[in-house]
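Comments concern the structure below.
Numbering of residues begins at 1 and proceeds along the displayed sequence. First listed ligand is number 1; within each ligand, the first listed atom is number 1.
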Amino acid sequence: MSKIALFPGSFDPFTLGHYAIVEQGLKVFDKIIIGIGANSGKKGLLTTENKLKLIESIYPNQDNVVAVEYCGLTGDYCRENDVKFILRGMRNTVDYECERNMMLINQKLYPEITTVLLFTPPEYVSVSSSIIRELLHFGKDPNELLPSNVDIKKYL
Ligand code: ADP
């Protein structure tokens with residue numbers, strides 16, 4: 001049976017750090033579904049449609065990495081789509097605390113789902129979507145924090 005993981009997040013935008021987690025994740029899983037959570041009413045940098053387009057431009061016509069939008073709880077999406085693994089990345093102890101809490105809640109609510117945490121490669125520990133948004137806000141080019149073929153201006 002093929003192993004499928006959901007990699008959930010806001011991906012506003014998808015960064016080199018996210019890319020590194022997908023690369024490592026593909027060593028463990030046959031397929032990764034990048035799940036763009038569309039829960040919060042917060043207006044972010046990119047529309048969900050553009051987040052999807054950006055990610056699809058990185059993985060064109062690839063069956064083993066796909067992007068989807070979902071509403072509601074991550075565990076419910078997994079249950080409804082028969083996904084048994086949640087993949088998340090961990091940069092530091094702050095991420096660790098959040099991820100552990102989420103894992104514990106999910107374990108209680110969805111015992112059939114296993115959370116897999118992968119460590120961020122050291123060169124990407126300081127990469128975050130919020131830094132990219134901050135750089136753009138102040139008119140700086142954030143492209144070196146994005147996967148190489150991404151031109152963020154196309155998606156703003
Ligand atoms: P969320 O709002 O759910 O934290 P993000 O889009 O910020 O969504 O992150 C999605 C996942 O990617 C989380 O597991 C987060 O820890 C991880 N992540 C974010 N930035 C990095 C990075 N630089 N390296 C590795 N993982 C990262």
* Asked: Is there a donor-acceptor pair closer than 3.5 Å between any side-chain N or O of D12 and the backbone N or O of L46?
  -> yes
Per-pair distances, ligand 1 N/O vs protein N/O, less than 3.5 Å:
| residue | atom | partner | partner atom | Å |
| --- | --- | --- | --- | --- |
| ligand 1 | 2 (O) | S10 | OG | 2.6 |
| ligand 1 | 3 (O) | R88 | NH1 | 3.2 |
| ligand 1 | 3 (O) | R88 | NH2 | 3.4 |
| ligand 1 | 6 (O) | S10 | N | 3.1 |
| ligand 1 | 6 (O) | F11 | N | 2.9 |
| ligand 1 | 6 (O) | H18 | NE2 | 3.4 |
| ligand 1 | 8 (O) | S10 | N | 3.1 |
| ligand 1 | 9 (O) | H18 | NE2 | 3.4 |
| ligand 1 | 14 (O) | R88 | NE | 3.1 |
| ligand 1 | 14 (O) | G89 | N | 3.0 |
| ligand 1 | 14 (O) | G89 | O | 3.3 |
| ligand 1 | 14 (O) | E99 | OE2 | 3.4 |
| ligand 1 | 16 (O) | G89 | O | 2.6 |
| ligand 1 | 20 (N) | R91 | NH1 | 3.2 |
| ligand 1 | 23 (N) | Y124 | O | 3.1 |
| ligand 1 | 23 (N) | V127 | O | 2.7 |
| ligand 1 | 24 (N) | T120 | OG1 | 3.0 |

Identify every side-chain donor-acceptor pair in residues 49-56 under 3.5 Å, counting partners at least two apart or on other chains, and give the distances.
| residue | atom | partner | partner atom | Å |
| --- | --- | --- | --- | --- |
| N50 | ND2 | Y155 | O | 3.0 |
| K51 | NZ | S10 | O | 2.9 |

* Would the number of heavy atoms belonging to other residues, nucleotides or ligands and lying under 6.0 Å from CG of D63 be above 12? -> no
* ring-ring contact (aromatic ring centres under 6.0 Å, His included): which pairs involve residues 77-116, sequence neighbours left out? -> F29-F85, Y70-Y77
* Just grab all the salt bridge (Lys or Arg N to Asp or Glu O under 4.0 Å) pairs involving residues 84-98, residues at least two apart or on different chains. => D82-K84, R88-E99, R91-D95
* Assess whether atom CD of E123 is packed by more than 12 heavy atoms of other residues, nucleotides or ligands within 6.0 Å. => yes
